[in-house]
S.K.: 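Just passing along the structure, written as structure tokens.
Any value given below was found using the heavy atoms of this structure, including those in side chains, with hydrogens, waters and symmetry copies removed. Per chain, numbering begins at 1; letters A, B, ... match sequence-line order.
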Amino acid sequence: MATNSLFQAGNLMFRTRFAPSPTGYMHIGNLRTALYAYLLAKKHQGVFILRIEDTDQSRNVPAALAAIYNGLALAGISYDEGPDKDGGKGPYVQSQRLPIYKKHAEELIAKGSAYYCFCQKDDKPDTEDQPAHPDLTRDPCRLLTEAEVQARFAQGLTPVVRQRIPESGSTSFVDHVYGKITIDNAQLDDQVLLKSDGFPTYNFANVVDDHLMEITHVIRGQEYLSSTPKYNLLYQAFGWQIPEYIHLPLILREDGAKLSKRAGDPSFEDLVKLGYLPEAIVNYVALLGWSPGNDREFFTMQDLIAAFDMDRIGKSSAAFSIDKLTWLNGEHIRAMDPAAFHRAASPFYPPEVQALDAEKISRLIQIRVEKLTDIPNMVRFLSALPDYSAELFENQKSKATLASSAEVLKRVIPLLGALENWDNESLFAALKEFASAQGYKTGTLMWPIRTALSGLPASPGGATELADLLGKQETLRRLRIGLAKLEN
RNA sequence: GCCCCCAUGGUCUAGAGGUUAGGACACAGCCCUUUCAAGGCUAUAACUCGGGUUCGAGUCCCGAUGGGGGCACCA
């Protein structure tokens, strides 16, 4: 790779990565991280890499790898290098890189930047659930002599490898979104690099892999902001070039709580099942923490690649609003070409409705659908007339009363029964003409027809559109039912 | 407890010293209309607080408050 010459030319070859751990689903925060990493790479004609961080054996969910592939594919995010797409920097699965981490850990020990620690897990209090954390103290093993280390090995103890953090001083770095961050080394703990099972921790593997895979821009959540100095100390110990950092603000719930699957917040896949279009979710998520700098909100993936700019990522956390997603989803649905919408909508039509002209139905409902899952309820009345009460025929806005409705239905049934051309235009023309000839307001005439045909206070289409859809016979049947209700 | 980060309407945000503080979602009303949507228009609604700096501060500095994150052989 001519990476170095590109660096010299000031024409950085961007290489970004998405490094999920296989948990079984993609949550919204992960989706955004993947998206931004992808956008940044593509924006600069760079390379986007997928790396699997499966270093926690206890958490590894076997089928979860498929979930990652599916999630990315669904989102329209394709990677240039990954487990099943070799780019010469693999393997791209951390559990297959164990010898690499071991070798690098040993190099650090030799350099004095890491040490073996023989403390057993229960030598230290379990601090995981404790809200307050005591001041950290340096691990006693960091003072072990070579002879003491050998003695412990001889006893058969299996150590972990810890990073040796400098006693004093501070470490700074510049983050693309947060600016300059400085942390006192005294705040940094001698974190575990290699676990006793031989697996690396995230803290170690991410540094080694990002370097070896020549990642130029590290994009991750801001929860890593305060541990980044530890990583930089590692880069320095190895003598490696430190990558650019882009830490992303958190995504919260609207009530300010953290977004979590456990609390019932939907994952990316869940949202798709709820009837949201992947492209709408991607569009929405892109806007959570990033703004194009103008009023534009509707973006396709291609639009996003063109518009994305890491310097326009915000610092404050954003709340996930399902309402706004729903609106944006509607925008995407309306923007689809009718054939594409019909394809997306078809699976949501009940079989009985499929018997009707489903394409025509799709044309009618496209503008009214916010989520694909709205469809079944929206079209159910077409196959089965709901039981409704005669009061539905009363509508102030249309100036329709029970009496006017009964009169209209009585007169319109023979009129329509005699109509030859049964399509929306003919129906509308005939009814409109009848209305003006007989002195009815259009609404007064149409309301009872629409109501009788749908049995609903609102329907995805007006009187003649529904009549067209239902066909002459069913239309007349429903009109007679309506009239019967009114005459009782 | 220690450290780090953040702060514009209910929500997402624009704003890089001088603006009637702009847009979007949601909400309400009106128009359009073959019901509902969609679309158009209108309304309500924000710079957390306190000190500075400056002729002038949402914008810069300090402090407070509030919120979030980190301090695992998790990532």
S.K.: Would you check if Phe428(A) stacks with the base of U34(B), given a 5.5 Å centroid limit and a 30° plane limit, both strict?
M.R.: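 Yes, the aromatic ring of Phe428(A) stacks with the base.
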S.K.: Hey, does Thr182(A) reach any base, or is it just sugar-phosphate, or nothing, if we go heavy atoms under 4.0 Å?
M.R.: sugar-phosphate
S.K.: Which nucleotide in the set U34(B), C12(B), A37(B) lies at the smallest distance from any side-chain heavy atom of Arg368(A)?
M.R.: A37(B)
S.K.: For Asn206(A) and Tyr224(A), does a side-chain donor sit closer than 3.5 Å to a side-chain acceptor?
M.R.: no
S.K.: Which residue, Ile365(A), Asp468(A), Asn424(A), forms the side-chain contact (heavy atoms from CB on, under 4.5 Å) with Lys360(A)?
M.R.: Asp468(A)
S.K.: Can you tell me the base-pairing partner of G50(B)? Count Watson-Crick or G-U wobble geometry only, both distances below 3.5 Å, and say none if there is no partner.
M.R.: C62(B)
S.K.: Looking only at heavy atoms, which two atoms of Arg32(A) and Val285(A) are closest? And how far apart?
M.R.: CB-CG1, 3.3 Å
S.K.: With sugar-phosphate meaning primed atoms plus P, OP1 and OP2, does Thr451(A) contact a base, only sugar-phosphate, or nothing at under 4.0 Å between heavy atoms?
M.R.: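 If one applies the 4.0 Å heavy-atom cut-off, Thr451(A) turns out to touch nothing in the nucleic acid.
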S.K.: What's the closest nucleotide to the side chain of Lys195(A) if the choices are C6(B), G69(B), C74(B)?
M.R.: C74(B)
S.K.: How is Asp311(A) classified with respect to the nucleic acid when contacts are heavy atoms under 4.0 Å: base, sugar-phosphate, or nothing?
M.R.: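 The answer is nothing, as Asp311(A) stays clear of every strand by at least 4.0 Å.
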S.K.: Taking for each residue the nucleotide of RNA chain B with the nearest heavy atom, is it Asp184(A) or Ala257(A) whose nucleotide lies nearer the 5' end?
M.R.: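 Result of the comparison: Asp184(A).
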S.K.: With a cut-off of less than 4.0 Å, is there a side-chain N or O of Arg312(A) near OP1 or OP2 of G15(B)?
M.R.: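 Answer is yes, contact under 4.0 Å.
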S.K.: Looking at every strand, decide which applies to Val192(A) at a 4.0 Å heavy-atom threshold: base, sugar-phosphate, or nothing.
M.R.: sugar-phosphate
S.K.: Any idea which heavy atoms bring Ile68(A) and Pro20(A) closest together, and the distance?
M.R.: CD1-CG, 3.7 Å
S.K.: To the nearest Å, give me how far apart CD1 (Ile322(A)) and C1' (C12(B)) are.
M.R.: 14 Å
S.K.: In terms of ring plane angle, is the pair Phe299(A) and Trp290(A) parallel, tilted or perpendicular, where the classes change at 30° and 60°?
M.R.: perpendicular
S.K.: Any side-chain N or O of Arg162(A) below 4.0 angstrom from OP1/OP2 of C73(B)?
M.R.: yes
S.K.: Starting at atom CG of Leu259(A), determine the distance to atom P of G69(B), rounded to an integer number of angstrom.
M.R.: 12 Å
S.K.: Both distances under 3.5 Å, Watson-Crick or G-U wobble: report the partner of A16(B), or none.
M.R.: none
S.K.: Suppose you measure atom P in A64(B) against the same atom in C3(B); what distance do you get, rounded to whole Å?
M.R.: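 Per the computed distance, 12 Å lies between those P atoms.
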S.K.: Indicate, with a heavy-atom threshold strictly under 4.0 Å, whether Leu250(A) touches base, sugar-phosphate, or nothing.
M.R.: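 Result for Leu250(A) = sugar-phosphate.
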S.K.: Would you kindly give the CG-to-C1' distance between Leu248(A) and C6(B), to the nearest whole Å?
M.R.: 14 Å
S.K.: I'd like the P distance from A45(B) over to G9(B), given in whole Å.
M.R.: 14 Å
S.K.: Tell me whether the side-chain N/O atoms of Lys397(A) come closer than 4.0 Å to OP1 or OP2 in U34(B).
M.R.: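 No, because none of the side-chain N or O atoms of Lys397(A) sits under 4.0 Å from OP1 or OP2 of U34(B).
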S.K.: For C71(B), give the paired nucleotide (Watson-Crick: N1-N3 plus N6-O4 or O6-N4; G-U: N1-O2 and O6-N3; both under 3.5 Å), or none.
M.R.: G1(B)
S.K.: State whether Ser317(A) places a side-chain N or O below 4.0 Å from either non-bridging phosphate oxygen (OP1 or OP2) of G69(B).
M.R.: no
S.K.: What's the gap between U8(B) and C47(B) when it is taken at their P atoms, as a whole Å value?
M.R.: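 It works out to 11 Å between them.
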S.K.: Suppose we call a contact any N or O donor and acceptor under 3.5 Å apart; does that hold for the side chain of Ser196(A) and the base of C73(B)?
M.R.: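 Side chain to base: pair found, below 3.5 Å.
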S.K.: Could you tell me whether Leu288(A) contacts a base, only the sugar-phosphate backbone, or nothing, with contacts defined as non-hydrogen atoms closer than 4.0 Å?
M.R.: sugar-phosphate
S.K.: Specify the closest pair of heavy atoms between Ser459(A) and Ser454(A), including all atoms of both residues, with the distance to one decimal.
M.R.: CB-CB, 3.9 Å
S.K.: Could you check whether any side-chain heavy atom of Tyr115(A) comes within less than 4.5 Å of a side-chain heavy atom of Asp190(A), counting everything from C-beta outward?
M.R.: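 Touching, per the 4.5 Å side-chain cut-off.
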S.K.: Provide, to the nearest angstrom, the distance between the CZ atom belonging to Phe299(A) and the C1' atom belonging to U13(B).
M.R.: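 My rounded result for the distance is 12 Å.
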S.K.: Less than 4.0 Å between a side-chain N and a carboxylate O, is that true for Arg368(A) and Asp374(A)?
M.R.: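 Arg368(A) and Asp374(A): not salt-bridged.
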S.K.: Counting only Watson-Crick or G-U wobble pairs whose two distances fall under 3.5 Å, which nucleotide matches A24(B)?
M.R.: U11(B)
S.K.: Nearest of A75(B), G70(B), U35(B) to any side-chain atom of Ser226(A)?
M.R.: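 So the nucleotide nearest the side chain must be G70(B).
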S.K.: Which listed nucleotide (A37(B), U34(B), C2(B)) is nearest to the side chain of Met446(A)?
M.R.: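 Of A37(B), U34(B), C2(B), U34(B) is nearest to the side chain of Met446(A).
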S.K.: Counting any heavy atom closer than 4.0 Å, what does Glu331(A) reach on the DNA or RNA strands: base, sugar-phosphate only, or nothing?
M.R.: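 Sugar-phosphate, no base atom in range.
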S.K.: Is any side-chain N or O of Ser459(A) under 3.5 Å from a base N or O of U35(B), one able to act as donor and the other as acceptor?
M.R.: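 Flag set: donor-acceptor pair detected.
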S.K.: Do the charged groups of Asp197(A) and Lys195(A) touch, with an N to O distance under 4.0 Å?
M.R.: no
S.K.: Is Asp54(A) paired with Arg97(A) through a side-chain N to carboxylate O contact shorter than 4.0 Å?
M.R.: no
S.K.: Ile181(A) has a side chain; which of U35(B), C6(B), C4(B) sits nearest to it?
M.R.: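 Per side-chain heavy atoms of Ile181(A), the pick is C4(B).
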S.K.: C1' atom, C31(B) versus G66(B): distance in rounded Å?
M.R.: 44 Å
S.K.: Name the closest nucleotide to the Ile183(A) side chain, picking from C4(B), U34(B), C73(B).
M.R.: C4(B)
S.K.: Taking the six-membered ring for Trp, are Phe173(A) and Tyr245(A) parallel (under 30°), tilted (30 to 60°) or perpendicular (over 60°)?
M.R.: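 The rings of Phe173(A) and Tyr245(A) stand perpendicular, inter-plane angle above 60°.
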S.K.: CG of Asn329(A) versus P of A38(B): gap in Å, rounded?
M.R.: 14 Å
S.K.: Which one, A14(B), G68(B), U35(B), comes nearest to the side chain of Ser291(A)?
M.R.: A14(B)
S.K.: Going 5' to 3' along nucleotides 21-28 of chain B, which nucleotides have protein heavy atoms under 4.0 Å from the base (write B), which only from the sugar-phosphate (write S), and which from neither (write -)?
M.R.: -BSBS---
S.K.: Could you give the CZ-to-C1' distance, from Arg363(A) to A38(B), as a whole number of Å?
M.R.: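 The answer, rounded to whole Å, is 17 Å.
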S.K.: Using a heavy-atom cut-off of under 4.0 Å over every strand shown, decide if Asn395(A) touches base, sugar-phosphate, or nothing.
M.R.: nothing
S.K.: Using a 4.0 Å heavy-atom cut-off, does Gly289(A) contact any base of the nucleic acid, only the sugar-phosphate backbone, or nothing at all?
M.R.: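 Result for Gly289(A) = sugar-phosphate.
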S.K.: Scan Tyr224(A) against the nucleic acid and name what it touches under 4.0 Å (heavy atoms): base, sugar-phosphate only, or nothing.
M.R.: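 It contacts base atoms.
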S.K.: Rounded to whole angstrom units, what separation is found between the CG atom of Asn185(A) and the C1' atom of C4(B)?
M.R.: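 From Asn185(A) CG to C4(B) C1': 14 Å.
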S.K.: How many whole angstroms separate atom CH2 of Trp290(A) from atom C1' of A14(B)?
M.R.: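 Roughly 13 Å, once rounded to whole Å.
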S.K.: When both hydrogen-bonding distances must be under 3.5 Å and the geometry is Watson-Crick or G-U wobble, what is G39(B) paired with, if anything?
M.R.: C31(B)
S.K.: Quick check: on RNA chain B, is the nucleotide nearest Lys230(A) upstream (toward 5') of the one nearest Glu53(A), or the reverse? Name the residue that is more 5'.
M.R.: Lys230(A)
S.K.: Classify the nucleic acid contact of Ala318(A) as base, sugar-phosphate or nothing, counting any heavy atom under 4.0 Å across all strands shown.
M.R.: sugar-phosphate
